[in-house]
Every structure is written in C-alpha cells, then in structure tokens.
Protein chains: 2
Amino acid sequence: MRSATDPRDDLTARARIRDAAVARFGRDGFGVSLRAIAQEAGVSAPLVLHHFGSKDRLRAECDAHVLATIASHKEGAVGPSGPDHLLVDLAQVESFAPLVAYVLRSVQHGGELARTFFDAFVADAEEYLHAGVAAGTVRPSRDEHARARFLAQQAMGGLLVALTLEPVDDPAQLGARLRAHMDAVALPALELYTEGLMTDRRMLDAYLMYVTDPPGGTPDPDPTPSS
Amino acid sequence: MRSATDPRDDLTARARIRDAAVARFGRDGFGVSLRAIAQEAGVSAPLVLHHFGSKDRLRAECDAHVLATIASHKEGAVGPSGPDHLLVDLAQVESFAPLVAYVLRSVQHGGELARTFFDAFVADAEEYLHAGVAAGTVRPSRDEHARARFLAQQAMGGLLVALTLEPVDDPAQLGARLRAHMDAVALPALELYTEGLMTDRRMLDAYLMYVTDPPGGTPDPDPTPSS
DNA sequence: CGCACGACTGAACGCCCGGTTAGTGTGCTG
DNA sequence: CAGCACACTAACCGGGCGTTCAGTCGTGCG
C-alpha cells in the first residue's frame, strides 16, 4: 500500500506508466499503442487500463500532468527571452525534454490541450510585448492582441514545421535541435524585428486605407434571393 | 478499353479513386482507411489495390498528382502576392481546395512531399524577395537564403497552427478559412514588415557582435577524448 | 491463521486494418 | 461464336488494436 512508501507515493507504477505514456506520445504521436506504452513502463498492457480506465483517460491525465508541470515551472523562473524560449529552455534540461515533445505533438495534432497551451503562449507574448512597449523598447501596435497572437502563432508554427520536416528521433537530442532552430532563426528574426522588411510604408498605408474605407463599400450584406 | 473513351482517358475509375484518395487524405489525414477511400470513390476496396497495388503506392501517386497539378497551375498564373498566397488563392477555387488540404496535411505529417513542397516555397520566397530587393522595395538581408527560409517557415507554420487549433470540417469552407486567416494576419504582418518590432538596434547589434566574435572563442572544436 | 483486497498478468475477445484470392461480368478481338 | 483481357467484387486472411476476464501473488488486518 501507499502507507509503506509514503514519501514517494507518486513514483509508483501508476506514475511510471504516466511518464512512459508522456514519453511515447511525445516521441511517436498519439497513435502509439497501449502495448508500447506498457512495455516502456515495464508493465503489462491491461495494467495500464487497470489504472487509467481507457486510453483516452490516460491521454487526459497526461495532458493534465504536462500542463501542471510546465505551469509550475513557468512560475518558478520566468524565461529571460519571452514565451518563445520557454519550451526551448525547458528542453535543454534533459528530464523535461519528453514534456516539451509532448506539447509539440499536442499542437501538431490539435485538440483541447493544444488550444490551452497556445492561448497561454499568446497571453505570455502579449504580456511580454506590453512590458516592452511600456519600457520603450518595443513599438506599440494598432492591435496588440492580434500582434501577440500573430507572433506566437508564427513562432510556434515555424518551430513545428522545422521539427516536422526534419524529425528528431532521440528525445535526448530534442534540446540540441531546438537550440539549432533558434540559431538558424536568430539572424533573420532579429533583422526583421529591428529593421523590418519593406523600405517604405506604401503597403501598410494602403492596407490601413483599405480597412478604414473599403473600396466596395458594404456590397450586398445579405445576398439571399427571394427563391 | 481506353480507346473507346479516348478524350476522357483519365476520368475513369482509376482517376476517380485517386481524387477520392486526395480528398480523404486531405480531410482526415493519412491514417484514413482504404475502405473509406473506396467508399468515397464509389468502388470496392480491393479495386483500389487492383489499380494502385498498395496504400503506400496510392499515397505516392496522390503526392505526384498533387505536385504536378499545383506546379502546372503555378506556371500558368504567378500569384500577385508571393508564394504565401499561392495556396490561399488556389483554395478559393472550389475544385482546388482538396489539393490544398492535401498539401497542408502533408506538411503537418512530414515526409518526402512535405519537404519538396516546402523547399519550393522557400525557393519562391527567395526569388520574390530577391525581386523586391532589386526593385528597391525590400531591404537586403545579411543572409538572403536564411531569411527566405525563415519567412516561409513562419508563414507556413502559422497557417498550419491556425488550421490545426480550429480545424475546418468541410473542405468547401477551406477557402473561406484561409482567407479569414490572411485577414487576421494582415495587420500585424504588415506592421511588422514595415515598422519592425524593436525601437532600437541594440539586440541586433549585440547579436551581430556575438556571432562575429563569440565570447568563448572556439571552445573545444573536436571534443573527442582519447578513450 | 484466514481472509479480503488491490496490484498485476496471460489469455482471449471483437473489431478493423491492409492485403489476397478466387471468381464474375463485360466488351473487344480473331 | 470462342477466346481473352480487363474492371470489378464477395469472401477471406493474418495481424494489431483497445479492451475484458479470470485468476495469481503479495500484503495488511480481524
């Protein structure tokens, strides 16, 4: 019983299965079989069901566990470089790499956790940008929320595409791969962020003119004919 | 025989199966069953194998078909807004929406076609940026290729994340969804592209200083010990 | 001690998968 | 008309999946 191993209590088979599931889900995707998870945890497949009821509930528990773990670590030490680096920094710590892989899989696959994570990223980005604007290091935007969402989406997506096109087999190398991605991205990103891309304001001004005064007015707002 | 239906020749059951496979793969992912594809094409499952040999070869043929179709259309009319808009513009045409969905699925899943497509995107972006630099509308970069890759990766990834987090059920709505994504992204993107993000050059200059003169020198270039 | 209980497992079930086989209909060809 | 090539299908196969079941083992408790 748990009374005998009181301090560990969560390092028992149940937790081992959960950790193995996180690792396998992250490495091979959510289609991985229960038997593979069981083997990774060193137990039999039915024991997984015995503890978690079903594969779906196991997945849900993994979601909650990953969410809670990362959230608690986010509080502990705020990243030096904004939300984009949180996952990258976490992945450098070997023990956290599986969690990061799990998060990336989630975002690749979609679903509840992915949206939760992404919303948190956007919120972090917005907060970070707001601090920059207040400190005078970041230009204000005409729509701060849209900008935060845009930047988070682009950064997350770019990372995901890079990892998808050149997948990392060994989760121990995930940290190095993420670091390499940041290195490859650093120069163009900093260039873009400080110098922009365009040499003049024509396109932006044209767009601003367009949204405030659409050329076609409001054409046929309810195009439902009589038939 | 094909001599009887000479002009159609490619609209026979084989092509119908291929199109059904493209549609299903794009809508439900590559895990979709052969039976579902067969049902969509209105034939029996073994007929799919009869024509294509195996699921893998069917997938390969879909890859080639999608690649060829989009490539031929790309030649026909070069997009007015660079490579990012090619898929978006194509998806507006209802008949092309399944192909676009297939491409996005490919990039989400990884693999050969994904890399081929992505490399083509990068090449298009590089060409487009180069033209802009030559015309004086786009600032030059210290690493043109890295910038093109960066922008393509971010744009593609951002689109993918947006669609993954809020998936589109009906392929007929894909065009509208992509348009909505471009609308949501237009303002922050144009702001970033024309005005940048930073108010000063400190971070960029610090980075440039760092890469040309790393603080740690060249630490242990070949860390292979004697053992 | 005896007993109940939870952790745990081997075997098996039902299902669906990709793929195979054996055969049917059909239309062209000689 | 006979022969034949081809598109096409019903039935089936082995295998892997999530899940269930019956039972064993170890252990704390009356």
Side-chain angles (χ1 to χ4, degrees), chain A residues 1-63 65 102 105 109 111-112, chain B residues 1-63 65 102 105-106 109 111-113:
Chain A
M1 291 294 288
R2 64 192 56 181
S3 53
T5 62
D6 199 31
R8 288 177 285 175
D9 186 72
D10 201 35
L11 302 177
T12 39
R14 193 191 149 94
R16 256 180 32 235
I17 294 173
R18 192 230 303 124
D19 290 347
V22 168
R24 276 292 206 165
F25 279 144
R27 174 144 60 93
D28 304 328
F30 297 108
V32 73
S33 74
L34 279 182
R35 287 170 172 83
I37 295 172
Q39 190 184 5
E40 177 118 354
V43 300
S44 68
L47 187 62
V48 180
L49 283 313
H50 172 72
H51 281 299
F52 296 92
S54 75
K55 192 181 183 180
D56 282 347
R57 267 184 282 174
L58 170 62
R59 164 111 192 257
E61 204 137 332
C62 289
D63 280 8
H65 173 67
Y102 187 94
R105 274 289 169 205
H109 190 85
E112 195 57 39
Chain B
M1 292 291 288
R2 66 193 56 181
S3 54
T5 61
D6 200 32
R8 289 177 284 172
D9 186 70
D10 201 36
L11 301 179
T12 40
R14 193 190 150 93
R16 256 181 31 235
I17 293 173
R18 194 229 303 121
D19 290 347
V22 168
R24 275 293 205 165
F25 279 144
R27 176 145 58 94
D28 304 330
F30 297 107
V32 73
S33 76
L34 280 181
R35 286 167 174 84
I37 295 172
Q39 190 183 7
E40 177 117 356
V43 299
S44 69
L47 187 63
V48 180
L49 284 314
H50 173 73
H51 281 300
F52 296 93
S54 74
K55 191 182 183 180
D56 282 347
R57 268 185 282 174
L58 169 63
R59 163 107 191 260
E61 205 137 330
C62 289
D63 280 8
H65 172 68
Y102 186 95
R105 266 303 163 199
S106 289
H109 189 86
E112 195 59 38
L113 177 71

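Within every chain, numbering begins at 1; the chains are lettered A, B, ... in the order of the sequence lines, protein sequences first and strands thereafter.
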Report summary line: Hits for side-chain contact (heavy atoms from CB on, under 4.5 Å) against B:Gln39, two or more places apart or cross-chain, chain-then-number order -> none
Query raised in the report: For DNA chain C, which residues in residues 25-45 of chain A have a heavy atom at a distance below 4.0 Å?
Result: A:Arg35, A:Val43, A:Ser44
Query raised in the report: Does the A:Arg18 side chain pair with the main chain of A:Cys62, one donor and one acceptor, at a distance under 3.5 Å?
Result: no
Report task. With sequence neighbours excluded, tell me which residues meet side-chain contact (heavy atoms from CB on, under 4.5 Å) with B:Arg57. Result -> B:Ser54
Query - Under the side-chain contact (heavy atoms from CB on, under 4.5 Å) test, residues paired with B:Leu113 that sit two or more places apart - result: B:Asp63, B:Leu67, B:Tyr102, B:Ser106, B:Phe117
Query - Residues forming a ring pair (Phe, Tyr, Trp, His ring centres under 6.0 Å) with A:His109, sequence neighbours excluded - result: A:Phe30
Query raised in the report: Would you say the side-chain atoms of A:Arg35 pair up with the backbone N or O of A:Ala45, donor to acceptor, closer than 3.5 Å?
Result: no
Requested in this report: Scan residues 47-55 of chain B against DNA chain D and write down, sorted by residue number, each residue with any heavy atom closer than 4.0 Å; if none is found, say none.
Outcome: B:Leu47, B:His50, B:His51
**Report entry** Close side-chain approach of A:His65 and A:Asp19, heavy atoms under 4.5 Å
**Finding:** yes
**Report entry** Interatomic distance, A:Leu58 CG vs D:dG18 P [rounded to whole Å]
**Finding:** 10 Å
Query raised in the report: When rounded to the nearest 0.5 angstrom, what distance separates CG in A:Leu49 from CG in A:Leu34?
Result: 5.5 Å
